[in-house]
There are 2 protein chains.
Amino acid sequence: MQKTSLSQEIHQLHADICSALADPTRILILYSLAEGSSTVNELVTHLEASQPTISRHLKILRERGLVSANRQGQTVEYSLTDPRIIDALDTLRAVLRDSLARRANLITS
Amino acid sequence: MQKTSLSQEIHQLHADICSALADPTRILILYSLAEGSSTVNELVTHLEASQPTISRHLKILRERGLVSANRQGQTVEYSLTDPRIIDALDTLRAVLRDSLARRANLITS
DNA sequence: TGGACATATATGGATAAGCAGATATATTAA
DNA sequence: TTAATATATCTGCTTATCCATATATGTCCA
């Protein structure tokens, strides 16, 4: 498998998408955008993080194609590029839930 | 949202699962295990990585509940804990594919 | 028209924490 | 002891956050 550098590059890009999801703040941003586009300031208010922090996270999500930016005069509206990102996050959340339940059973039984 | 530390902790665990996927070698391990359980040495041979490297990646996947270890005498068989992990990875791969296609169109058009 | 200023967003630099790989070594079972 | 797997330690690289500042757009007003 993965002998060619092209295939390695695909796996790297795949990992890059996953690492874009590997931060609680970015997960919150994505779920927030799933309910509708937001400006940077709306996200700052909603998620209670500093403006530079939100902007940096948005940059990462933007570079990896997960969100799109759209300037509307003074503000910039961010939106989810692909709703399947939420599907994937939900699936992983379900995996997490069952994993925690399994561990809990190991303790109680 | 996410005011309580419990909810923050869930988001952290969610991010931890995602960060387990955020490495090309671990993605290869997961796809490999999706086709059947393997021992550590089989993965080392198959993925052409060093044994300590594979073991460390397996530890990360194990701690986050994505794979299970099962000692069989001298060897340890690793298997996928939940096939939905592959569903999520496939979904993200599809998102990646479309994202790359979109960028390609931007260039050609 | 053209500043001067205000608001919204992005970025640069520094610091600190986390993570991947390599080598060497410890553990476990036969 | 040997084979299989796990871990410890070190090194270098990536990343998150903070603070300060830069950029971009819009408004007010002479």
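Just so it is clear, the values below take in all heavy atoms, side chains as well, and ignore hydrogens, waters and symmetry mates. Letters A, B, ... are given to chains in the order of the sequence lines, protein chains preceding strands, and every chain is numbered from 1.
Of all the heavy atoms in A:Leu33 and A:Tyr78, the pair that sits closest is CD2-O, 3.4 Å. Of all heavy-atom pairs spanning B:Arg93 and A:Ile10, the tightest one is NH1-CG2, 3.8 Å. Across every non-hydrogen atom of B:Pro83 and B:Leu80, the tightest pair is CA-CD2, 4.3 Å.
The CD atom of B:Gln51 sits 12 Å away from the C1' atom of C:dT27 (whole-angstrom rounding). Distance CG (A:Asn70) to P (C:dA10): 12 Å, rounded to an integer number of Å.
In this structure, B:Ser19 reaches neither bases nor backbone, as no heavy-atom distance under 4.0 Å exists between it and the strands shown. Within 4.0 Å (heavy atoms only), A:Ser50 reaches sugar-phosphate atoms of the nucleic acid but no base atom.
For DNA chain D, the contact window with chain A, defined by any atom under 4.0 Å from a protein heavy atom, covers D:dA16 to D:dG26 in 5' to 3' order.
For the side chain to side chain donor-acceptor pair (under 3.5 Å) condition, the pairs that include at least one residue of residues 95-104 of chain B, sequence neighbours left out, are A:Arg84-B:Asp98.
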Listed pairs under 3.5 Å, donor-acceptor, residues 24-31 of chain B side chains, sequence neighbours left out:
from, atom 1, to, atom 2, distance (Å)
B:Arg26, NE, B:Ala20, O, 2.7
B:Arg26, NH1, B:His57, ND1, 3.0
B:Arg26, NH2, B:Ser19, O, 3.1
B:Tyr31, OH, B:Asp90, OD1, 2.7

Counting only pairs under 3.5 Å, give me each side-chain donor-acceptor contact of residues 38-45 of chain B, with atom names and distances, residues two or more places apart or in other chains.
from, atom 1, to, atom 2, distance (Å)
B:Thr39, OG1, B:Glu42, N, 3.2
B:Glu42, OE1, B:Thr39, N, 2.9
B:Thr45, OG1, B:Asn41, O, 3.0

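Counting heavy atoms from C-beta outward, B:Leu21 and A:Ile17 have side chains that stay 4.5 Å or more apart.
Listed by chain and number, the residues in a side chain to side chain donor-acceptor pair (under 3.5 Å) with B:Ser50 are B:Thr53 (sequence neighbours excluded).
Within residues 54-69 of chain B, the residues approached by DNA chain C to less than 4.0 Å at the level of any non-hydrogen atom are B:Arg56, B:His57, B:Ile60, in residue-number order.
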